[in-house]
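Just so it is clear, the values below take in all heavy atoms, side chains as well, and ignore hydrogens, waters and symmetry mates. Both ligands and their constituent atoms are indexed starting at 1 by order of listing.
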Amino acid sequence: MSTTRRVTFKLYPTTTQEKMLFEWKNLHCWLFNKALSDRRSSWQKNKQSVNYYDQQKAVKVIRAVYPEFKPLGSHAIQDTLKRVDYAYQRFFKGLAKYPRFKSYRHYSGWTYPCGSGWKALTNGTHGKLKVSNLGEVRMRGQARQWGNPKTCTIFYRKGNWYASITVECEVIRNTGNGLVGLDLGCETAVTCAVHLREGNYQEIKIENPRHLKKAEQKIKQVSKQKRRKRSPNYKQKIKASRRWKKAQKQVSKLLTKVSNQRKDFLHQVSAEIVSSNSLVVTEKLNVKNMTRTSKNKGKRGLNKSILDVSFGFLKDCLKYKTNEAGGSYIEIPTQKIKPSQRCPKCDHLKKKLLSERVHYCENCDYQCGRDFASAQVIAEHIRKGLGTSLSKCGEDASTSTYCGGSRASGLDEASETPT
Ligand SMILES: [Zn+2]
């Protein structure tokens, strides 16, 4: 199976190259703002909307009028216009606010949407990036799997230049034929219920490394020092002091390190889960709602932990990794199934407080950890719903998201017939 992967390399431009990169970045930013203001004013004045194709036609004119745009490459220019269009599309769909002008300071970079204008001189480990009108730039980085390079995005972040290259490659990922239900929590990052046979499960706990908590103190300390220095105020034209800049650099370096560590951990966890289970089931969580600042003190701690383990990223990892391995990733509707209230053995419902960490069923005397219980409920729901033959499930549930309870449907009967 071939997929596209993104590989990011760190660039090491020479002084002259870096000067050019900054110049180009500013030109792209100018173009972005220009295209945005064109659309704005034409709507405000004439009630006429300008679309991407109208603006694309202007690329030739821009390149003729402003000679400094020539070395940028027409495809890269088109892509910047596409970014404006994309921002508008998201606004029209109600996914984002009205597009805003970007500052030169925070504009990230540009993209080469096809093979023209750049060439990656590498076999996946370090090498050089050849950019037309700029020359060869040394780069460092390592791809897990290298393939056919497709697009390249050059961006500037925290004092460094990077090239993010998408490659088309063949993916080899093996998986077993297990079923696993996952409960994502704050005490234990992930509680796995691995299906053994006939509704019996084994509990595997994956502890939260709490990188943030460890590094938090250090970050707190450094940002406190930062607050004592003179911070910039661009409206009042106050420049930041050199010491403030230095402290700022330290803070952002620490934050980057923590986020890298966290990503690494989540990649490892998801790879481990997928390596032996082809059917991965979780509950649908609205992380956005849960992390919204809460007045409730107990809940605030939960919010922090949720951010700490970043469930959304873990789910994305699980999704694409199961897809690559040919398995399936399923999310069950939380409110319908109520995994935290249901007994995995007898379906008896009982409300629990957030502080209750043990599941005990009055109906059938079954007792186990709270997270393990809900992980079992999640896995059981799919196992019962789709029939006991797991190999059959793999074919049927090839779609990545599954919604709706099938317990009440005729499939339930099929699970009771001995196989
Ligand atoms: Zn029970």
Partner set under salt bridge (Lys or Arg N to Asp or Glu O under 4.0 Å) for Lys345, not counting sequence neighbours: none
Trace of the ring-ring contact (aromatic ring centres under 6.0 Å, His included) decision for Tyr162 with Phe9: CA-CA 6 Å; Tyr162 299 92; Phe9 294 91; over 10 Å; no
With Ser270, the side chain to side chain contact (heavy atoms under 4.5 Å, CB included) member among Thr322, Val280, Leu318: Leu318
Shortest non-hydrogen contact from Leu279 toward Ser328: CD1-OG, 3.2 Å
Sum of protein N, O or S atoms, each under 2.8 Å from the Zn ion (ligand 1): 4
His267 and Tyr320 aromatic ring geometry - parallel, tilted or perpendicular at 30°/60° bounds: perpendicular
Closest contact, heavy atoms only, Trp24 versus Ser132: CH2-O, 3.6 Å
